[in-house]
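Report on the following structure.
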Number of protein chains: 2
Amino acid sequence: MGRPLATSTAPESAVSRKPLRRDPHLAQPKRLDAGAAVFEEGQITDRFFLLLDGFIRAIRVTPDGEQIIALHIQSGQLFGIAPALGHSHYPATAIAAADCVVLSWAASHWHDFVHEYDGFGPETSNTVGRRVSEMKERIVEMATQQVEQRVANAVLHLIHQSGRKTDQGIEIAFLITRQDLFEMTGTTLHTVSRVLSAWERLDHVKSERRKIVVTDPHKLVVISSAQAHR
Amino acid sequence: MGRPLATSTAPESAVSRKPLRRDPHLAQPKRLDAGAAVFEEGQITDRFFLLLDGFIRAIRVTPDGEQIIALHIQSGQLFGIAPALGHSHYPATAIAAADCVVLSWAASHWHDFVHEYDGFGPETSNTVGRRVSEMKERIVEMATQQVEQRVANAVLHLIHQSGRKTDQGIEIAFLITRQDLFEMTGTTLHTVSRVLSAWERLDHVKSERRKIVVTDPHKLVVISSAQAHR
DNA sequence: GGCTGGGTTTGATCTGGCGCAAGGATCGCA
DNA sequence: TGCGATCCTTGCGCCAGATCAAACCCAGCC
């Protein structure tokens, strides 16, 4: 984010050129309804996943039960690759934000994959690298930006990952509640609501229940990148 | 962090059992005075590094010139491994927080290393994995915790990474200014100062100019993990 | 000794945005 | 078509923490 347009400039390349799907290691394809969990925080990392279609949210829960959304995963991406990073337990919960189709393999196959498919190792590194920089951006934002800017960033991030052009503007492709937004930005439901109302009055966005359409992305960019007044 | 004692439970194993130092790829050992930069944000990623001794700080600068400290690197760790994560430019600046000794290799050797030393790939993954979870913790903290808790966490983190027992208590092994602390926690100098003064009155810490000694780590743990009142 | 400059403390004041509370809109279901 | 469950909006009061302002302390250094 930050300059959100830059973050995902990197090509969202398919994970591998080779036919992962027709793999000897027998991937298990699976459909998931929106809201279903793929795996939960703390479970042992026995499988890793590839998101074929849909949208996944990685969620962490604080000791006192509050949720915060750590990151979003788009189709075509590997996820749940904690086993490859030396974690014995998933560090976050993965929830389907929309209806999803995922492939998964036993963690024990990771090693084979890396050796068998040349692009696999590097591609993984890239995925991880991308997420790392995403997270760094998040940290900087949290540390320095005002709430309104953070919300603007979050929204831009979303339309960037799953925006769909309509005649109204760009809409976010899946159901998004105010709650999701405040979990992404570390604020409260109320504040998010106020911010969105304000934007709606200024014609930056249009929002209905569980849906947000950005009519003027540029305005949001301006808001998100405004200096913290000085 | 969070439960800061858990984060670095993972053994800070040496990078490889094999003699990296006497490597054919001719590492360049280098001394660095505290305050010197190893590499800067935005430079092309032509080398990667191993910290033999000392302490490194990874810093990011926001568009309006504010610095925030993204993470600390302890001796024995690889850093500047952005090239291996598919970044063509370093995403942060690395500053020596104390006098340091680093080895470095041209990025082009990365591939060789992975193939030549069996432990190298996995070790890298672990390093990255550890940092990723560190960063996730940071995000959660930033989103949910009070300033005092964040400062407590930061201090605990520091004594954990470079604590040195003295008769006074545990002291942080390198010079640390209030400024460093507020850059780590995303607050202001003034607030950090107030918090530390308060702690000093309560005998949790003793602090002199550019030095902090924690007399009662447990108290800080309690503070850092206190529920956000509910 | 006086002076400069980085680091720190402390008080006074201001304000963003959180908590609380109440109410409205929309949906699904009986 | 009526009822409960979700989801969203808005007004108000308040407080943590930012900002402003003024010194102080210590270390070098001329």
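Note that these values count all heavy atoms, side chains included, but never hydrogens, waters or copies made by symmetry. Below, read A as the first sequence line, B as the second, and so on, with proteins coming before strands; counting in each chain starts at 1. Everything quoted here is computed from the prediction, not taken from an experiment.
When heavy atoms are screened at a 4.0 angstrom cut-off, A/S193 is found touching base atoms of the nucleic acid.
In this structure, the side-chain hydrogen bond (donor to acceptor under 3.5 Å, both in side chains) partners of B/T187, at least two apart in sequence or on a different chain, are B/T185. Not counting sequence neighbours, A/Q67 has no partner by the side-chain hydrogen bond (donor to acceptor under 3.5 Å, both in side chains) test. Under the salt bridge (Lys or Arg N to Asp or Glu O under 4.0 Å) criterion, A/E183 pairs with no residue, sequence neighbours left out. A search for side-chain hydrogen bond (donor to acceptor under 3.5 Å, both in side chains) contacts involving A/D53 returns nothing, not counting sequence neighbours. With sequence neighbours left out, A/H190 forms a ring pair (Phe, Tyr, Trp, His ring centres under 6.0 Å) with no residue at all. Partners of B/F39 according to the ring pair (Phe, Tyr, Trp, His ring centres under 6.0 Å) rule, which considers only residues two or more places apart in sequence or in another chain, are B/F49, B/Y90. In this structure B/S193 satisfies the side-chain hydrogen bond (donor to acceptor under 3.5 Å, both in side chains) test with no other residue, sequence neighbours excluded. Checked against ring pair (Phe, Tyr, Trp, His ring centres under 6.0 Å), A/F55 has the following partners two or more places apart in sequence or in another chain: A/H72, A/F174.
Residues of residues 182-190 of chain B having a heavy atom closer than 4.0 Å to DNA chain C, listed by number: B/L189, B/H190. For DNA chain C, the neighbouring residues in residues 194-203 of chain B, judged by any heavy atom under 4.0 Å, are B/R194, B/S197.
For residues 148-164 of chain B, the set of pairs meeting the salt bridge (Lys or Arg N to Asp or Glu O under 4.0 Å) definition, not counting sequence neighbours, comprises B/R164-B/E171.
Between the CZ atom of A/R178 and the C1' atom of C/dG17 there is a distance of 18 Å, rounded to whole Å.
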Where do N or O atoms of nucleotides 3-6 of chain C meet protein N or O atoms at under 3.5 Å, pair by pair?
from  : atom 1 : to     : atom 2 : distance (Å)
C/dG6 : N2     : B/R209 : NH1    : 3.3

